[in-house]
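Contents: one structure, followed by commentary.
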Amino acid sequence: MAENRKKLLELYRQMVTVRQFETMAGEYFAAGKIPGFIHLSIGQEASSVGVCSCLRPDDYVITTHRGHGHMIAKGADLKRMVAELFGKKDGYCKGKGGSMHIADYSIGILGANGVVAGGLPIITGAGLSIKMRKTDQVAVCFFGDGATNRGPVHEAMNMASIWKLPILFVVENNQWASTTPLEYACSVEDLYVRAAGYNIPGEQVDGNDILAVQKAAEKAVIRARAGEGPTFIENKTYRIKGHYEGDPQKYRTDSEIKKWQDKKDPINRFSRVLFKKRVLSKKIVDQIWSEVQTALNEAITFAENSPFPQPEDAMADLYINS
Amino acid sequence: MAENRKKLLELYRQMVTVRQFETMAGEYFAAGKIPGFIHLSIGQEASSVGVCSCLRPDDYVITTHRGHGHMIAKGADLKRMVAELFGKKDGYCKGKGGSMHIADYSIGILGANGVVAGGLPIITGAGLSIKMRKTDQVAVCFFGDGATNRGPVHEAMNMASIWKLPILFVVENNQWASTTPLEYACSVEDLYVRAAGYNIPGEQVDGNDILAVQKAAEKAVIRARAGEGPTFIENKTYRIKGHYEGDPQKYRTDSEIKKWQDKKDPINRFSRVLFKKRVLSKKIVDQIWSEVQTALNEAITFAENSPFPQPEDAMADLYINS
Amino acid sequence: MTDRIISSSAALAEALHEEMQRDETIFIMGEDLVSHAGVFGQFKGLPEHFPGRIIDTPISEACIAGCGVGAALTGMRPIVDFHFSDFVTCGMDELCNQAAKIRYMSGGQVKLPVVFWCPDGAGLRAAAQHSQSLESWFVHMPGLKVVVPSEPSDVKGLIKSAVRDDNPVMFFQHKKLFAREGPVSEDDYLIPLGRAAVKKEGKDVTLLCYGAGYYLCEEAAEKLAGEKIDAEIVDLRTLKPLDMETIAASIAKTHRAVIVHEACLTGGFGAELAARIQDELFDELDAPVKRVGARDVPIPFSPAMEDFVLPRADDVAAAVHAVTYR
Amino acid sequence: MTDRIISSSAALAEALHEEMQRDETIFIMGEDLVSHAGVFGQFKGLPEHFPGRIIDTPISEACIAGCGVGAALTGMRPIVDFHFSDFVTCGMDELCNQAAKIRYMSGGQVKLPVVFWCPDGAGLRAAAQHSQSLESWFVHMPGLKVVVPSEPSDVKGLIKSAVRDDNPVMFFQHKKLFAREGPVSEDDYLIPLGRAAVKKEGKDVTLLCYGAGYYLCEEAAEKLAGEKIDAEIVDLRTLKPLDMETIAASIAKTHRAVIVHEACLTGGFGAELAARIQDELFDELDAPVKRVGARDVPIPFSPAMEDFVLPRADDVAAAVHAVTYR
Ligand SMILES: Cc1ncc(C[n+]2csc(CCOP(=O)(O)OP(=O)(O)O)c2C)c(N)n1
Ligand SMILES: Cc1ncc(C[n+]2csc(CCOP(=O)(O)OP(=O)(O)O)c2C)c(N)n1
Ligand SMILES: [Mg+2]
Ligand SMILES: [Mg+2]
């Protein structure tokens, strides 16, 4: 019971961490501290945290252009994350990748990807590798609803199925792909139905309910570790912020966004549950938010203090000597 | 009735034409008259003829590396076909394409394709064009069971569905993709089940029963012309010859092939039906086979007499002046 | 009629507006076009004026490119928006094995009037997968034409020619140049594909460039003028077909050439051009042909590194010094 | 140990056999490999000896290539068979946006030991979509290495180095050379990537070649010998990294260079090489660098046309005449 309580609190803390990280990133982007463009996952925290809570450190995760949450949930170091977003030398990629290519291979993050659906063929290779090396690792690929219409998704799902690879295909169906709604671009309303075309169990999950996500992921992980093959999980959720920071969002109304805030907000929802279970109290909430803020402040200080790479550093890290 | 009789005889004649054409091609290939490599459709005649019998001259067809049957069924000129296989100047492509790239745009054949599944994105464009030009044409794409695992198939089916394009996706499931059996490479046993993932009606048809094929195609064509969108038809059949002429076929047994010959042969099956209906008689059969042979002989003579292109002709036909 | 000072985006939209008005078989398809008039706002006004002819697609680059092929084969004149030129990688088969080859493989039975419109280039801190300049791949693919305009007036005249061309055309525009302004005539004019422009006359060295490289040359030429080096700037505008005549005429005058592009140096278009010049104009050259391009690494994210990797006007000037020293 | 006369296919299979024995993380995946030991029989013996390590795949080039990336990132050393090099078009994103860039984008966190094995080239009457030589695309993509062996002994030594390399390597072998025989040592030897071979010494002209081009040069050199023109043949073997040192040494001796490849001329690797030579070795050259390659059209089907499009030894000789005339 105490154990369970601890776990629930940890889930809550993780979601708060993702939320605060993203909020911070939006602010620092607006302030001109983060170059390029960034895609925030506010509103989708239940998916990243819920799924990754079922994983071991040696499991693999591939994420997308909207990958900060997955990084954090898999255990990434906030300091090096912020430093990377700032383009600093102590960033995960020494400033070479930025938000869209952030990765920490030491904790099994096989990279974010700037190419939509770019991760699916790679995760299939990771799954094949697990099978050939005969470990019981699992490999998780997050991707968006928009990504589901790209060909490599089809190739990967088929291949993972015929070889029974230990893979979780996790669609974060936030109902929008940039300016394009799912209902326009996608021939089916519910993405999980496509799984049947590959003989893969598919499930649609309330993606803003972290316990539901966790339950589905847990089942899929057990299946994968047992060598029974891949699972397709559709986490139905909603992107609260623009596609990228600065997005004019002419394609949707404020009232649509509103519908997904407050009551449906995954953190609010989970905290209501935890309050009811008496796991959370106002005091604990304040404590967690302020601890996370402290950690984040440290990360920002670290990143601010980290030097920019030297221009010539651009020439390093392309080939490895072998 | 007489009308119907004529139509049935025409179907039979077409199947015989495809069969004899392919047999001839195999012989001329073995004799060194046809350069490169060729893929024959013997055993699959019910699919090509059955589907194309539902089409108008202004409808579009895209075929594959195994495309002679579709060409013939759509009304191509045997003379120019043989000439192309021989690499002659009077061939459809002036000897530039050969078997794998044979095409007759004047009868709506938008090309064979040496790239497996290469036709699917193109047919989608043809379907879109029909819709934009507001005609009631339909566009048919043939492809193999092996092709179904390529990504562009997925992209095309989704796009055709969301725009309700007038397309027939016709899989000729001959159960083998080169050396690889469907049951190994494909995560589902029945390919038509994948159609549900695109909200497209899908149907599996006994692909060696030409009347069954015709019925399914007819329904799909009516649906397409009515603006109701694409249909997915899986013609289950079998490739009697090797993947290419000269294929050592170590991957399958003679007895497996035998199972699909004789009784299951699509021409034999159809002739049994026609005999029963008294549409065919021994005499008519002989007459048709010999008429087809005569036409084919003429085509061969035409092709033999056609000159080879001049070496420098290679430099023509790349760009059009505009 | 008079020239106005407008941006490359505005020039593009104006040209397409005129063409779409003229020919109703023209349409534009790609991702995220309608609501923001293209991801860079480059099609401003078109969605309202031509409803149903600016078509949003799912994220399916292979099929989008193939749609361009299929529609072109059946009576339409599609313009396919590739969103970011980096994603041509997702449609290379449709571009290179289909669009480029179909007419030829058919023995000339058909035409393929399709434009593949690709916003390319770096400098936006967009990192390795959103910053490439890949034009040289397509120069190495018989059957395609390749156009890379620089100034807004070129954009207008060249996109019109590309749209009217009956062959598949790869059309690259640099993302950082969309907002850049220049004089553009109100006339309905065409710039033929395959004609370079001498944008500045000079007698000491020929600067051969296209796309963003043009502005580097302009800047470098100004600096060099201060050193009494009189550079001629030839903006190639079309890489295939290539206007060797204009190039040769310029080099016959200057006897020195520097090629400038943003694509990474090794295997870039500068390689082909330098190879041809040293062969066809060997006796005209008083110095080797120098090339200026990005360094041979992926584009890094962090600003100082990205700037280091990309060619600058100073690099152009340095190359000019190297060839005028002799 | 002794040399045997064996084919390129046998050399490839032997080398892979040795490597797979040595390192159990090596495996081969691709279409139609197991039953016929590869579509050209190039992996003869391997399916029996290494069951489960030669893996048939569905027809899914993008995912196959991506599998190579994913497996390489997680402790394996995959060899990805592309079936025909023409189909790299179906996996260009995985090759160029993923394999080539992942290490760099990650700031050097990982290695990617993967070989993309691509049978290329024309001459089999296989027409436009089964006959291309596309190596120059990958030379223009930082992060990839590019290897193109010619003789069986090179195949053996180079594939071993490619397999042991921790970077992604594009490995092209010409389909018509599989059956071609030559002496191959029984030793377990490596040919380092980035080292060219002077295969015939000569003093009058340097023939720079790789892959099938090597045999054209060999044939041409013999003819030229009859005319008392003494050609040196430098087989580059690796295009990236490139052995400029050996090239420079040869040209410093001959002062003339002809580059030979089967890829179509415009934008081919010869462009890059000629551009570098005329720049770096300008004062050594007594004549322009000439390039010999296929004509700039897709490969046509009919034999006389295909032969006309492809470069021949006579073309090499003619280019040599052009540069030795001066
Ligand atoms: C292959 C490719 N095509 C297009 C893009 C441009 N793009 C970036 S994100 C995006 C939308 C993705 O939508 P979705 O998969 O639903 O993910 P989300 O942004 O909603 O998390 C698009 C079109 C890209 N990065 N890669
Ligand atoms: C993209 C691509 N990959 C691989 C090949 C090589 N190849 C040609 S036909 C074929 C098998 C095709 O099988 P299927 O689609 O079932 O058609 P079938 O030959 O049975 O008619 C393969 C792998 C190709 N031509 N194109
Ligand atoms: Mg989305
Ligand atoms: Mg098949």
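Protein chains get the first letters and strands the later ones, always in sequence-line order, with residue 1 at the start of each.
- Minimum heavy-atom separation, Pro300(D) to Ala314(B): CG-CB, 4.1 Å.
- Side-chain contact between Asp296(D) and Met315(B) is absent, with no heavy atoms from C-beta onward closer than 4.5 Å.
- Taking both residues in full, the closest heavy atoms of Phe87(D) and Val115(B) are given as CE2-CG2, 4.2 Å, listed atom of the first, atom of the second, then distance.
- Residue contact with chain D, scored on non-hydrogen atoms closer than 4.5 Å, involves the side chain of Tyr184(B) exclusively.
- Separation of atoms CD (Glu312(B)) and CZ (Arg295(D)) is listed at 8.5 Å; rounding is to 0.5 Å.
- In this structure, chain D has a heavy atom under 4.5 Å from the side chain of Asp247(B), while its backbone stays farther away.
- Proximity to chain D is limited to the side chain of Val116(B), based on heavy atoms less than 4.5 angstrom apart.
- At a threshold of 4.5 Å between non-hydrogen side-chain atoms, the residues Asp307(D) and Pro311(B) do not count as touching.
- No more than 12 heavy-atom neighbours from other residues, nucleotides or ligands sit within 6.0 angstrom of CD on Glu24(D).
- When heavy atoms are compared at a cutoff of 4.5 Å, Phe308(B) approaches chain D solely by way of its side chain, counted from C-beta outward.
- Counting non-hydrogen atoms of neighbouring residues, nucleotides and ligands closer than 6.0 angstrom, the CD atom of Glu189(B) reaches no more than 12 such neighbours.
- Exactly one residue among Pro35(B), Ser99(B), Cys93(B) makes a side-chain contact (heavy atoms from CB on, under 4.5 Å) with Phe301(D). That residue is Pro35(B).
- A distance of 13.0 Å separates NZ of Lys94(B) from OG of Ser302(D), quoted to the nearest 0.5 Å.
- In this structure, chain D has no heavy atom under 4.5 Å from any part of Asp317(B).
- Only the backbone of Leu85(B) comes within less than 4.5 Å of a heavy atom of chain D; no side-chain atom from C-beta onward does.
- If you run side-chain contact (heavy atoms from CB on, under 4.5 Å) between Gln129(D) and each of Met100(B), His101(B), His65(B), only His101(B) comes through.
- Partner of Ser178(B) under the side-chain contact (heavy atoms from CB on, under 4.5 Å) criterion, chosen from Asp56(D), Ile59(D), Val39(D), Asp32(D): Asp32(D).
- Both the backbone and the side chain of Val297(D) come within less than 4.5 Å of a heavy atom of chain B.
- Between Asn149(B) and Ser60(D), the side chains place no donor N or O within less than 3.5 Å of an acceptor N or O (distance only, hydrogens not considered).
- Atom OG1 of Thr180(B) sits about 8.5 Å away from atom CG of Leu33(D), to the nearest 0.5 Å.
- Contact annotation for Ala126(D): both backbone and side-chain heavy atoms come within less than 4.5 Å of a heavy atom of chain B.
- Around atom CG of Asp254(B), no more than 12 heavy atoms belonging to other residues, nucleotides or ligands sit under 6.0 Å away.
- Contact between Ser35(D) and Lys250(B) at its shortest, heavy atoms only, is O-CD, 3.9 Å.
- Taking chain B as the reference chain and counting heavy-atom pairs below 4.5 Å, the highest number among Arg125(D), Met305(D), His130(D) is found for Met305(D).
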